[in-house]
Amino acid sequence: MPELPEVETTVRGLARYLEGERIARVAVNRPDLRRPFPPGLVQELTGARVTAMGRRAKYGLIHTDRDRTMVFHLGMSGRWRIEPERIEKHDHLVIETGSGHVLALNDARRFGSVDLVDTGGLEQWGPFATMGPEPLGEALTPRHLQRTFAGRFAPVKPLLLDQRIVAGLGNIYVCEALHRARIRPDREAGRIAPAALARLVPAIRAVLAESIAAGGSTIRDYAQPSGELGYFASSWQVYGREGDPCACGGTVARFAQGGRSTFWCPKCQK
DNA sequence: CCCTCGCCCTGCTGGC
DNA sequence: TGCCAGCAGGGCGAGG
């Protein structure tokens with residue numbers, strides 16, 4: 001499922017087809033994902049030129065020369081299809097560029113979203129207004145985690161999924177980062193030692209950066225006619241590996257936290 | 001404010 | 001082979 005590295009990889013891949021390009025045509029096949037598409041989406045995008053691409057947390061940003069930014073979220077099953085051979089069932093939005101490239105936003109489970117936001121007011125836009133620091137940015141420090149975790153009794157894992165604390169972490173990479181930092185996912189956040197938080201920040205950065213690097217190589221394979229953008233295989237240490245051996249000699253376990261699966265190793269995560 | 005829980009959606013998997 | 005329950009989960013709102 002698309003998490004931050006997949007969104008980053010998708011944005012970089014799309015940039016090659018969109019940056020500097022005029023949007024010649026926009027087709028909407030089904031006008032709602034999680035929410036209805038914004039009114040006037042087709043009209044506002046058609047004829048606009050893409051000035052730059054970006055990402056905030058798990059949202060992709062397509063900036064245009066009309067001071068409007070198309071903001072997309074891939075939800076659980078969203079992906080951009082590059083030069084699809086034919087339009088398929090879940091290709092909800094299709095963009096054709098001035099030089100004839102076709103890009104289709106496909107989302108079977110429709111947990112994704114598409115919005116149009118004034119570029120100047122992006123940081124104040126609803127979902128962005130209360131977001132915490134980017135996990136790959138300089139604002140995410142052990143000190144930031146120490147301050148936001150102070151006095152909190154909730155387990156650390158669901159807190160790391162809270163976008164107000166760190167923006168862009170999902171279930172997979174939280175499991176992986178906690179494993180790498182050797183922290184129990186059910187540890188009370190306010191009681192984690194500073195030394196462990198000092199391990200957690202670089203662990204978060206490393207799992208994300210490694211996945212982006214892996215996706216970067218996959219994109220070259222995918223960015224071909226009928227190719228797909230947004231997924232790549234990763235070698236996770238704990239996620240989806242219940243019962244598998246951990247490198248420490250333990251066995252990967254699984255339990256539910258806040259209604260979703262947490263994978264971890266009881267032997268090396270303390 | 002803090003924390004937990006349930007809902008949204010649909011394709012896929014596993015059990016019978 | 002066919003059917004169906006269960007699972008995946010980010011974001012958001014409700015409720016304690």
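Since this is a predicted model, take the numbers as computed values, not measurements. In what follows, every chain begins at residue 1, and chains take the letters A, B, ... in the order their sequences are listed.
Distances from the side chain of A:Arg30 to the nucleotides B:dT10, C:dG11, C:dA8 place B:dT10 closest. Of the candidate nucleotides B:dT10, C:dC12, C:dG10, C:dG10 has the atom lying nearest to any side-chain atom of A:Arg34. With distances taken from any side-chain atom of A:Arg110 to the nucleotides B:dT10, C:dG10, B:dC3, the minimum falls on B:dT10. The side chain of A:Lys58 lies closest to C:dG10, out of C:dG10, B:dC3, B:dT10. For A:Tyr59, whose side chain is taken as the heavy atoms from C-beta onward, the closest listed nucleotide among C:dG11, B:dC3, C:dA8 is C:dG11.
Straight-line distance from the CG atom of A:Leu161 to the P atom of B:dC2: 17 Å, rounded to whole Å. Between the CZ atom of A:Arg152 and the C1' atom of B:dC1 there is a distance of 9 Å, rounded to whole Å. Atom pair A:Leu33:CG and B:dC7:P shows a separation of 22 Å (rounding to whole Å applied). Taking atom CG on A:Leu159 and atom P on B:dC2, their separation rounds to 10 Å, with Å as the unit. The separation between A:Phe128 atom CZ and C:dG10 atom C1' is 14 Å, rounded to whole Å. Between the CZ atom of A:Arg164 and the P atom of C:dG11 there is a distance of 12 Å, given to the nearest Å. One can place CZ of A:Phe111 at 9 Å from P of B:dT10, the figure rounded to the nearest angstrom. As rounded to whole Å, 7 Å separates atom P of C:dC12 from atom CZ of A:Arg35.
Remark: A:Lys89 is in phosphate contact with B:dG11, judged by side-chain N or O atoms under 4.0 Å from OP1 or OP2. Put simply, A:Gln163 has a side-chain N or O that comes within less than 4.0 Å of OP1 or OP2 on C:dG11. Not one side-chain nitrogen or oxygen of A:His90 sits closer than 4.0 Å to the OP1 or OP2 atom of B:dT10.
Side-chain polar atoms of A:Thr130 and A:Arg164 form no donor-acceptor pair below 3.5 angstrom. For A:Asp107 and A:Ser77, the side-chain atoms include at least one donor-acceptor pair closer than 3.5 Å. Between the side chains of A:Lys89 and A:Asn29, no donor N or O sits under 3.5 Å from an acceptor N or O. Defined by atom type and a distance below 3.5 Å, a donor-acceptor pair is missing between the side-chain atoms of A:Tyr17 and A:Thr97. For the residue pair A:Thr69 / A:His63, a side-chain donor-acceptor distance below 3.5 Å is found, with atom types taken as modelled. When only modelled atom types and interatomic distance are considered, A:Glu83 and A:His101 share a side-chain donor-acceptor pair under 3.5 Å.
The residues A:Lys58 and A:Glu6 are annotated as not salt-bridged, no charged nitrogen and carboxylate oxygen being separated by less than 4.0 angstrom.
Where A:Ala108 and A:Gly151 each meet DNA chain B at their nearest nucleotide, the meeting point lying more 5' is that of A:Gly151.
The environment of A:Arg147 atom CZ is dense: over 12 non-hydrogen atoms of other residues, nucleotides or ligands sit within 6.0 angstrom.
DNA chain C is contacted by A:Arg254, A:Arg260, A:Ser261 of residues 251-264 of chain A, taking any non-hydrogen atom closer than 4.0 Å.
Nucleotide B:dC9 has C:dG9 as its partner under the Watson-Crick or G-U criteria, with both atom distances under 3.5 Å.
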